[in-house]
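Encoded as structure tokens, the structure appears first; notes follow it.
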Amino acid sequence: MSDMITADLVDLDLSADTKEAAARALAARMVALGRVTDLEGFLADVAAREAQMPTGLDGGIGIPHCRSAHVTEPTLAFGRSAAGIDFGAADGPADLIFLIAAPAGADDAHLTILSSLARQLMNAEFTDALRAAGDAASAAALIRGEEPPAADAAGTSASPDSVASSVAASADDATGTTSEAPAEPPTETSGERPFRIVAVTSCPTGIAHTYMAAESLENAGREAGVELVVETQGSAGFTRLDPAVIEAADGVIFAHDVAVREKDRFAGKPTVDVGVKAGINRPAALITEVREKAARGEATAAARPGTPVERAGEPGEGYGSKLRKWLMSGVSYMVPFVAAGGLLIALGFAIGGYQINEAKSVTEHFDWGQLDSWGALLFQIGAAAFGFLVPVLAGYIAYGMADRPGLVPGFVGGAISVTIGAGFLGGLVAGLIAGGVVLGIQRINIPPVLRGIMPVVVIPLVSSAVVGFLMFVVIGKPISEAQKGLTDWLNSLSGTNAILLGVLLGLMMCFDLGGPVNKVAYTFATAGISVAAPSDSAMKIMAAVMAAGMVPPLGMALATTVRKKLFTTAERENGKAAWVLGASFISEGAIPFAAADPLRVIPASMAGGAVTGALTMAFGSTLRAPHGGVWVTFLIGKPFLYLLAIAVGTAVTAGLVIVLKGMRGTTPEGTPLAESPTAEAAQTKQPVAA
């Protein structure tokens, strides 16, 4: 720390009466030495840090600090105030003020040395020696961990050697971010092992409070006779506690003001979760609290599995549920590409005509004044977005299974699927294979020397090679043939077969209102139009799917308008919003109604969706856009018949739900329909009393 503080950075007679004035006085010394380039800019950064949380600590200490682009090198200034300065501590003003300035890109070594000072501030001998220091050189030497000049040594209240060695030891400990357990763990006279606690400390800046809380908790642990090990998640990074240490712990303390990283490691144990200053100011109380929770058998929820999809699920889910969520993970990430790309392609056709897919690349020819050029531009941007559909689908299925390591082989497998013509089905298979391969590799016992390169070299290399081989050589061609057969079958559909397909798609779109079954039908339709020149049957399927998906919310909106007394006040309000949601092809607009009365709403929705799907296919309406609802009517083939199909399906849904709800004979509040206030108000045309 010799280059961080010198006698010129010490003011033993700090006359400032506010924390702002104190920071300015100490910062001015840094400016004078060239450590800070812009006084006002640096003070603004100090104030911003202070606004996050006061930096006053019990025991008469103020420790303003920040990272700043105006700092040229890590620097520490110290001031001693006779009157005391209010830094927001609960026990009153601070007489020892430390201003810590860290560059925006401070290296780990400097930050860990600064953290050693933060730990020493919890050492009463150290602070007493600073209060007794007779001159600036002695104070600077104490902070640096050196022996003060001989003339002043006798005047200090603590042995210079003990203070210096304590600071040095603290600095050595700070070079690693995990503090060590006590060298000689306390033992109890009964022969039982001591209570064991693991703790995590962190603060917004990660320089001071993080390490002060760690030191305070460790000291309190020793006094209480417990084994307490701290993981400091500071600016210099963090070293994870040994899993065996966490497993053996009887309780956990989180003292933090930023999110605890990898918090799931500590799940299932009695836990106290507080701010970082509580770890500094009342560590003994936190230890007592966690011991009491352990005695009562309290514990946090069990840790969830590690992959993104599994973290969103419930413990103990079966393989079928996990498989569905893996597939839905890929679909959910793919849908924005579908919407953006499809609408851009549709706009390109609308502006440039249906031959726009044959236009030259806009990089070769683009005329600012020609609509055809703009149409070609929109079409080609949309086609580029559509080119990601299958790779994104496969990549995020693998991501759902194996987290980030699954992305590379998943994207590679999806891209190969496009190359060999395996399409949507190939993407599904490639994603599942990629996730499975990565999970298999992760279960192999790897030598420690290779673990560092596993996620960036070994896993991407091996998994991509395996997935690529399987897709190119083994399963790609059969899937490609199956995809071609499915496409040929769809192109051959006409008459009764096409109408039956419309019924099936309509039922699927309305079964779970945006859930997995709905998404399967939607993905099936969008896959058909995700090529440069989709077939006529593919565009008919897309039209049927979107029309059917609009029916449930529109049907509920109509029903709440026609027979208000059958619905609660909240449902009638939702009905107003459902008009817009349905018109925009957002099937989820009917979910509030289905959640409240699924046995009536879902069958009614499915009936209306089936009618709409059948009529749309019978009318031969086509759609090139994968989304947009009524707002893309101008892109629909036979638009008037298309809107008629939606209107008929909406009427069927509304009528059926009214009949089913009316059969119960009471309002949602339990009042007989004939006696309901809403019915009487409707008959007399009087407002209903609130």
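Computed from a predicted structure; not experimentally measured.
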Any side-chain heavy-atom pair of [X] and [Y] under 4.5 Å:
X      : Y      : answer
Asp403 : Pro405 : yes
Val601 : Met556 : yes
Val362 : Gln380 : yes
Asp45  : Arg67  : no
Leu378 : Ile351 : yes
Val429 : Ile475 : yes
Thr622 : Tyr642 : no
Thr561 : Trp579 : yes

Atom of [X], atom of [Y] and distance for their closest heavy-atom approach:
X      : Y      : value
Phe585 : Gly549 : CE1-CA, 3.7 Å
Gly413 : Met471 : O-CE, 4.1 Å
Gly609 : Thr653 : N-OG1, 4.5 Å
Met401 : Leu439 : O-CD2, 3.7 Å
Val551 : Thr650 : CG1-N, 4.1 Å
Ala394 : Gly427 : CB-O, 3.3 Å

Inset, instruction - Take atom CZ of Phe366 as the centre, draw a 6.0 Å sphere, and report whether it contains more than 12 heavy atoms from other residues, nucleotides or ligands. - result: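 Enclosed: over 12 neighbouring heavy atoms sit under 6.0 Å from CZ of Phe366.
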
Legend entry - CZ (Phe619) with more than 12 external heavy atoms under 6.0 Å: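 Check passes, neighbour count above 12.
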
[atom2] on [Y] to [atom1] on [X], rounded to 0.5 Å:
X      : Y      : atom1 : atom2 : answer
Ser373 : Lys360 : OG    : NZ    : 11.0 Å
Leu470 : Ile416 : CG    : CD1   : 9.5 Å
Leu461 : Ile441 : CG    : CD1   : 9.0 Å
Phe593 : Arg600 : CZ    : CZ    : 15.0 Å
Arg240 : Gln233 : CZ    : CD    : 9.0 Å
Leu504 : Ile499 : CG    : CD1   : 14.0 Å

Inset, instruction - List the steps, then state whether side chain to side chain contact (heavy atoms under 4.5 Å, CB included) holds for Glu40 with Asp38. - result: CA-CA 6 Å; Glu40 298 302 328; Asp38 182 344; 4.0 Å; yes

Inset, instruction - Identify which one of Thr560, Val562, Leu558 satisfies the side chain to side chain contact (heavy atoms under 4.5 Å, CB included) criterion when paired with Ile658. - result: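 The option that passes is Val562.
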
Inset, instruction - Could you check Val437, Val438, Val466 and say which one makes a side chain to side chain contact (heavy atoms under 4.5 Å, CB included) with Pro409? - result: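 The side chain to side chain contact (heavy atoms under 4.5 Å, CB included) with Pro409 is passed solely by Val438 among Val437, Val438, Val466.
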
Inset, instruction - Return yes if some donor-acceptor pair links the side-chain N/O of Arg572 with the main-chain N/O of Phe567 below 3.5 Å, else return no. - result: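 Indeed, once roles are kept as given, a pair shorter than 3.5 Å links the two residues.
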
Inset, instruction - Indicate the ring-plane relationship of Trp368 and Trp374, choosing parallel, tilted or perpendicular according to the 30° and 60° boundaries. - result: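 Perpendicular: the ring planes of Trp368 and Trp374 meet at over 60°.
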
Legend entry - Trace of the side chain to side chain contact (heavy atoms under 4.5 Å, CB included) decision for Phe42 with Cys66: CA-CA 9 Å; Phe42 172 67; Cys66 73; 3.6 Å; yes

Legend entry - Steps toward side chain to side chain contact (heavy atoms under 4.5 Å, CB included) verdict (Val467, Val412): CA-CA 8 Å; Val467 172; Val412 170; 5.6 Å; no

Inset, instruction - Determine, step by step, whether Met550 and Met509 satisfy the side chain to side chain contact (heavy atoms under 4.5 Å, CB included) criterion, reporting the C-alpha distance in whole Å, the side-chain angles of both residues, the deciding distance to 0.1 Å, and the verdict. - result: CA-CA 9 Å; Met550 295 164 63; Met509 287 299 295; over 6 Å; no

